[in-house]
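Report on one structure; see the data block that follows.
Residue numbers begin at 1 in each chain, while the letters A, B, ... track the order of the sequences.
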There are 2 protein chains.
Amino acid sequence: MGKAENGGGREGRGGRQSASTFPNRSIPLYYQLENILRSKIEGGEVLPNHKLPTEQELSREYKISRATVRQALAALVSEGLLYRKQGKGTFVTEKAAQTKSVKLTGFTEDLFTEGVKAEVRVIEMRAVPAPERVAGVLRIPTGEEITRFKRLRSVDGAPFSYVINYVVPEIGQKINEKDLQHHTMLHLLEEKLGIPLGTIRHFVESMKADVEVASLLAISVFEPVLYMETAVYSAEGRAVEAVDTYFRSDRYRYTVELIRSQQLRKDRGKRTR
Amino acid sequence: MGKAENGGGREGRGGRQSASTFPNRSIPLYYQLENILRSKIEGGEVLPNHKLPTEQELSREYKISRATVRQALAALVSEGLLYRKQGKGTFVTEKAAQTKSVKLTGFTEDLFTEGVKAEVRVIEMRAVPAPERVAGVLRIPTGEEITRFKRLRSVDGAPFSYVINYVVPEIGQKINEKDLQHHTMLHLLEEKLGIPLGTIRHFVESMKADVEVASLLAISVFEPVLYMETAVYSAEGRAVEAVDTYFRSDRYRYTVELIRSQQLRKDRGKRTR
DNA sequence: TAGTGGTCTAGACCACAAT
DNA sequence: TTGTGGTCTAGACCACTAT
């Protein structure tokens, strides 16, 4: 990947063998191109609705094959930054420029304010019998021992969310109070315990605060709160965590961005569009 | 794509040129394989945690190149049905079998109960000045004329959700009461108006029902309801619709399934895992 | 060392869009 | 007819896993 904008990229690829001759050792070419293009788009260097260079041009420009260019472009399309029109070209989405700051890189950490200067108070860490719902999620017998963590998150001094995590004891043992204070459970599962995560399921509903929730969130009993049940699965599909979260409805709303996955697929039957 | 399970597939590809000699004309090979594998997985023919044939085997078996096999597998991985381990193989997710019925094919229609025997009462169809929030979403000046549709959805005779759609007049004109009674707005936008949709953004919060909402949903004032703001964008990234939805909290909860997109990407730095 | 997925190339033909 | 993305092939080498 030669080319100026690479920011120190230099040659990065000389003769024939696949890797490269320089810095970027082991960073896939399609991934490098993906990042180059993403930063151009998010940086406003390529404006919404503008056309990107053709696959062939990118291929020549960065000295990589068209297949590799396509791999990079496909990623950006599924990310919602680009759209393509057969016979016309590849274009930048209008939405692209706005989103740059949010960019949920594919996962949920953002929802859980990892990093945001939230004060976390650990209220409880103990073993309890699994409630039915939790047992169902984790696929263990109801009543079986399980580790429960209760935390209260505050932002700017005011309570924000009350989080109850349930994990199997083997996982619970490896987590200490300091961990809970400084990281989300998702972070701990992935980074500290090395469990690659897969699907996460959220069930969001509106309910009245009960006494416990109200007092912790510093609101009146019966005030509406946003309640979320979460099920976390490993990449292999094993259930690893169940979570109950109560949000103060004046301080939080649940945001989801549904990005059309890939092309349409379905309409093989050809419609007008 | 030879192979028995194809269900009448036959040869589907004889000598060299790309298309095929038979039925499947124009259906991409990777897509055919994708469907074959998906149905085997969802049909339980390949069980969770079981290993799929290797890329090479699939390549030989279906007489397609490894690259094409990979394209099919990549789609199923990003769909959450498969996971892969370098050096080991491709495996079926535990979650795969369960999900078969739900399978949000990538979009939201399921959330809006298209098809479910919901009675829809059209309460209003008229032009109004755009409220600030809506104008912001649609990127038009506040107060500019806009079409507003109000509908009440009931299931089993009891109110379920109160939906207010806002679209620009050009779109609004093309929609009649019958449309609104029988289809979701998303359906109409895509199918009737031929607008390919892209990203959808949801903001979900908990709030107290005001008088209008309470009376329509047949609940008490101040009861908690689930309130959702929606922004719908076309594939090109233009905002096409804004929606406010109020759900009875005892009859609905918002469900999201976040599927890890593709591989990990980030951890190029190599971690243990 | 062998097996498997991960990355990449070079080149081919097709389908759609614009001229 | 030309340009552009869509699909596909055949083969190469690498990195990780297991033996």
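- Summarising the geometry, the separation between CD on A/Glu55 and C1' on C/dC14 is reported as 14 Å, rounded to the nearest angstrom.
- For the atom pair CG (A/Leu33) and CG (A/Leu76), the distance works out to 7.5 Å, reported to the nearest 0.5 Å.
- The separation between B/Lys85 atom NZ and D/dC16 atom C1' is 12 Å, rounded to whole Å.
- For C/dG5, the OP1/OP2 oxygens have a side-chain nitrogen or oxygen of B/Thr90 closer than 4.0 Å.
- Of the candidates C/dG5, C/dC8, D/dA10, the closest approach to any side-chain atom of B/Arg70 belongs to C/dG5.
- Between B/Gln56 and B/Ala67, the residue whose closest nucleotide on DNA chain C is further toward the 5' end is B/Gln56.
- At whole-Å resolution of the value, OH in A/Tyr62 and P in C/dC8 are 15 Å apart.
- Between A/Lys88 and C/dA18 there is a side-chain polar atom (N or O) within less than 4.0 angstrom of OP1 or OP2.
- Comparing C/dT9, C/dC8, C/dG6 by their nearest atom to the side chain of A/Ile64 picks out C/dT9.
- Contact between the side-chain N/O atoms of B/Thr68 and the OP1/OP2 oxygens of D/dT7 is not found at any separation under 4.0 Å.
- Residue A/Arg66 places none of its side-chain N or O atoms closer than 4.0 Å to OP1 or OP2 of C/dT9.
- Within the structure, a side-chain polar atom (N or O) of A/Arg84 is placed less than 4.0 Å from OP1 or OP2 of D/dG6.
- Using modelled atom types and a 3.5 Å distance limit, the side chains of A/Arg70 and A/Tyr30 yield no donor-acceptor pair.
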| task | Would you sort out whether A/Arg84 and A/Glu55 count as a salt bridge (Lys or Arg N to Asp or Glu O under 4.0 Å), showing the intermediate values? | result | CA-CA 11 Å; A/Arg84 326 192 70 184; A/Glu55 297 180 348; 2.5 Å; yes
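- Which of C/dG6, C/dT9, D/dT7 sits closest to the side chain of A/Leu29 comes down to C/dT9.
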